[in-house]
Each structure stands twice: as C-alpha cells, then as structure tokens.
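What follows is one structure encoded as structure tokens, with my remarks underneath.
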Amino acid sequence: MDYQIALLGGDGIGPEVIAQAARVLERVGTAFGHSFVFKPALIGGYAIDATGSALPDETLAACRSADAVLLGAVGGPKWDNPTATVRPEQGLLGIRKGLGLYANLRPVKMNEMLIGASTIKPEVLRGTDLVVVRELTGGIYFGERGRRDDGNTAYDTMIYSRAEIERVLHTAFRLARQRRGKVTSVDKANVLESSRLWRETATIVAKAYPDVAFEHLLVDACAMHLIRRPATFDVIVTENMFGDILTDEASMLAGSMGMLPSASLAEGTLGLYEPIHGSAPDIAGQGIANPVGAILSAALLLRLSLGLEQEALAVERAVDQVLAEGYRTRDIAENASEVITTTVMGDLICERVTA
Ligand code: IPM
Ligand code: MG
C-alpha cells in the first residue's frame with residue numbers, strides 16, 4: 001500500500017527526531033512492502049518566520065489530505081515574547097482543533113531497563129503501564145478569554161458540552177476493554193461546574209461498559225496517587241488542562257520525557273502523532289536528542305491510523321532491543337561514556353526492524 005504522511009518537524013529538536021521517525025517508517029516500508037510518501041509542511045516558530053502564521057493554510061490542507069500526521073514539537077525562546085500576538089503554540093492548538101483531534105492518548109509504560117533513570121523509587125514504579133486519555137479540543141484551552149478593566153483583569157473559561165465529554169469517555173472505555181479493564185475519570189467536581197457535568201456524564205457512559213471497572217478521582221488526589229501508586233492505574237480520562245499537567249507528571253514514571261509517544265485522534269482514522277516532549281531549544285542542533293518518543297509515535301501511527309499492527313510491533317520490538325543492548329541517548333544514560341547520538345539511535349533501531 002501507498003501511505004501519505006504529513007511531516008511537521010516544527011522547531012528546536014522537532015525536525016531532528018522526526019527525521020529519525022521517518023527513516024524508521026521507510027525501513028518498515030522496505031521490510032513489509034509498503035510505500036510511505038512524506039509531505040513536509042511548516043508549523044510553529046519556523047512557520048511564523050516564513051509566512052507570518054504558526055499554521056499556514058497549506059499545512060492544514062496537507063494534513064487533511066494525508067493518512068496521518070507526524071509532528072515534532074513547536075516553540076522556542078525566539079518566539080516567547082509575552083506580548084507577541086502570534087505564537088508557535090497557536091499552530092499546535094490550531095491543528096488539533098482544525099483536524100478535530102479530540103482524544104489525546106498518552107501511554108506511560110515503565111521500561112524495566114530504565115528504572116534507574118527515574119527520580120522515583122523502583123518499588124513504586126514497577127509494573128506501571130497506564131494511558132492518559134486527555135480531552136484535546138475543549139475546556140479552558142478553547143473557552144472565551146480576555147481582559148477587562150483596562151487590561152487589569154483577565155479571564156479564561158473552562159467550558160464543556162455533554163457531547164464533548166461523552167465522546168472522549170467512550171474512547172477511554174473502548175481502550176480499557178483492550179487493556180486491563182479499568183477507567184479512572186479525573187475531575188474537580190467539588191469546585192467546578194464543568195467538572196460536575198463531566199462526572200455526571202462519565203457516570204452515565206460507564207453504565208454502557210459494565211465489564212470495565214470505573215472510578216472517579218479528584219485531580220489533586222490523582223496527582224498524588226500517580227506518584228504514590230502508579231501501577232494501580234490503567235486508563236485515566238480527563239479534561240484538557242488537567243490532562244496537560246498530569247501527563248507531564250506521569251512522564252517521569254517512564255524515566256525520561258524523551259521516551260514517550262502520543263496519538264491524537266479524531267472521528268475517522270486520520271490521526272496526529274507526536275512525542276510528548278517539547279522543542280528543547282537548549283539542546284537543539286547538537287544531535288543529542290532522544291528520538292525514541294518520535295519513533296514510538298510512528299509505531300502508534302502504524303497501529304491506529306493505518307491499522308498495521310504487525311508493523312507497529314516490529315518498531316516497538318526494535319526499540320526494546322536497542323535499549324536492552326544498552327544503547328542510550330544522553331537523557332537516559334547513567335554514565336556519559338556510553339552515550340550515542342540521535343542519528344546513531346535511529347540507525348540502530350532501523351537495523352532491528354524486521355518483518
Ligand atoms: C502539550 C503541550 C501543549 C499543551 C502546549 C505546547 C500548547 O504542553 O502538548 O502537552 O499545553 O497542550
Ligand atoms: Mg503539556
């Protein structure tokens with residue numbers, strides 16, 4: 001088969017790690033007899049410099065006509081001026097909204113080989129294997145915001161409709177059925193009205209999945225339990241901003257943010273896949289970034305948008321093998337002498353992808 005992949009490297013280390021993910025897809029193509037056609041497009045700070053917009057129309061069009069989108073990261077100090085009217089992050093929020101990517105899946109699986117790289121005790125980490133399903137196109141990120149009183153008062157609105165809550169809850173329950181059969185819905189229903197609607201809706205949706213264990217948890221308690229008993233979670237589903245915060249916290253359970261992939265899904269098969277790390281401007285251009293998060297995102301792309309499960313597993317096995325052989329990029333290395341570069345990590349993973 002011929003697959004069209006929109007390639008949005010973005011800023012900082014984004015293009016470096018996406019280049020490795022694209023090479024791995026090419027290798028999958030050779031090994032399994034598929035052909036991937038890559039369509040590069042601009043997003044974020046580079047797009048602002050080139051066109052004045054963080055998400056040019058051509059980029060959105062290229063994504064809409066592709067089978068899937070692979071994205072690096074956006075942002076950097078160059079565009080970080082608080083008074084700026086165009087920001088790289090608008091590109092990311094725009095593409096999420098523009099493609100209707102309401103369900104963001106962020107799996108966090110502790111890798112036994114990297115247990116020493118985390119700041120959390122091994123006995124707490126052991127067995128951690130969870131997925132956060134973050135609502136991605138609603139809530140306070142997209143509610144009305146503004147200033148009044150001559151700019152001296154500012155407000156943002158957390159707003160959700162029942163339909164928006166229902167569809168992401170269904171994603172979480174369907175996913176739990178393919179996993180260990182447990183959903184934790186996270187909200188702040190003791191304070192927020194939008195959370196009370198979230199909880200009410202979640203309770204109703206849960207009735208359609210009697211085979212799945214279900215619980216509610218307040219977001220502050222969830223933040224604590226994530227580092228107290230992470231292995232007890234299976235699927236956590238929550239609104240946009242809570243999910244943003246909890247997934248940065250949860251990423252530390254895997255040792256390094258550089259390891260973690262994510263998938264953002266819409267109603268159909270089109271999806272956007274990106275590592276959860278940022279553009280890391282401090283290490284950009286040095287060739288030392290960890291490409292594993294981007295490469296595992298490509299594996300999710302194979303599985304979830306293209307339905308190529310065997311190919312996805314081949315990539316995940318190749319990553320595990322390289323780590324088991326002791327190869328480490330700087331972020332996950334326990335001593336500096338064993339460190340390899342971004343490209344070498346890409347080479348080693350490509351070599352181990354077999355049908
Ligand atoms: C993320 C990021 C983004 C978000 C930023 C860059 C807008 O933190 O994907 O988690 O807040 O959603
Ligand atoms: Mg974030």
Side-chain angles (χ1 to χ4, degrees), residues 8-15 17-18 21 42-48 53-55 59-60 63 69-82 84-108 130-143 145 156-160 164 168 186 219 222-223 226 236-254 256-266 271-282 284 289 293-294 296-297 300-301:
L8 278 50
D11 305 317
I13 61 169
V17 296
I18 286 309
L42 293 174
I43 191 167
Y46 289 170
I48 294 174
S53 159
L55 182 65
T59 298
L60 204 50
C63 294
V69 183
L70 200 51
L71 186 143
V74 300
K78 178 172 176 195
W79 306 280
D80 245 354
N81 174 2
T85 50
V86 210
R87 303 178 55 89
E89 290 77 8
Q90 288 165 350
L92 199 52
L93 299 181
I95 202 168
R96 289 171 179 171
K97 197 72 172 176
L99 300 178
L101 304 166
Y102 65 85
N104 178 218
L105 275 47
R106 297 188 167 185
V108 179
L130 59 88
V131 181
V132 179
V133 178
R134 169 186 175 194
E135 200 293 325
L136 203 59
T137 51
I140 199 166
Y141 274 57
F142 293 94
R145 72 178 100 251
D156 298 274
T157 317
M158 192 183 283
I159 177 165
Y160 271 107
E164 285 175 315
V168 74
V186 174
V219 63
C222 182
L226 265 177
I236 294 174
V237 57
T238 192
E239 71 87 37
N240 205 342
M241 187 168 66
F242 296 161
D244 178 46
I245 299 168
L246 292 177
T247 51
D248 264 31
E249 185 192 7
S251 74
M252 287 320 291
L253 301 167
S256 164
M257 281 188 102
M259 301 290 299
L260 297 180
S262 80
S264 300
L265 306 173
L272 180 146
Y273 300 83
E274 56 178 320
I276 78 150
H277 63 70
S279 58
D282 53 320
L296 291 175
S297 298
L300 290 181
L301 179 158

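Just so you know, these numbers use all the heavy atoms, side chains as well, and skip hydrogens, waters and symmetry mates. In each ligand, atom 1 is the first atom listed, and ligand 1 is the first ligand listed.
In terms of protein heavy-atom proximity, atom 4 (C) of ligand 1 is closest to Tyr141 OH, 3.5 Å. Among protein heavy atoms, atom 1 (C) of ligand 1 sits closest to Arg106 NH2, 3.4 Å.
Asn240 contributes a side-chain N or O that, together with a main-chain N or O of Gly138, makes up a donor-acceptor pair within less than 3.5 Å. Checking side-chain atoms of Ser262 against main-chain N and O of Glu274 turns up a donor-acceptor pair under 3.5 Å. For the pair Thr238 (side chain) and Gly243 (backbone), a donor-acceptor distance under 3.5 Å is absent. Of the possible donor and acceptor atoms, one in the side chain of Asp11 sits under 3.5 Å from a partner among the backbone N and O of Tyr46.
Within a 6.0 Å radius of CG in Leu60, other residues, nucleotides and ligands contribute more than 12 heavy atoms.
Ligand-side atoms of ligand 1 in range of Arg134: 1 (C), 4 (C), 9 (O), 10 (O), 11 (O), 12 (O), range being under 4.0 angstrom from any heavy atom.
Ligand 1 has no atom lying under 4.0 Å from any heavy atom of His277. Within the structure, ligand 1 lacks Gln90 among the residues with a heavy atom less than 4.0 angstrom away.
Of all non-hydrogen atoms in Gln90 and Thr85, the two that sit nearest each other are NE2-O, 3.1 Å.
For atom 8 (O) of ligand 1, the choice among Asp248, Asp244, Leu93, Ile276 with the nearest heavy atom turns out to be Asp244. Here atom 3 (C) of ligand 1 lies nearest to Arg96 when heavy atoms of Arg96, Arg87, Glu89 are compared.
Proximity of Arg87 to Trp79: side-chain heavy atoms (C-beta onward) are nowhere separated by under 4.5 Å. Counting only heavy atoms from C-beta outward, the side chains of Leu8 and Cys63 approach each other to under 4.5 Å.
For a distance threshold of 2.8 Å, the protein N, O or S atoms nearer than that to the Mg ion (ligand 2), listed by chain and number, are Asp244 OD1.
Separating the CD1 atom in Ile159 from the CD1 atom in Ile140 is a distance of 11.5 Å, to the nearest 0.5 Å.
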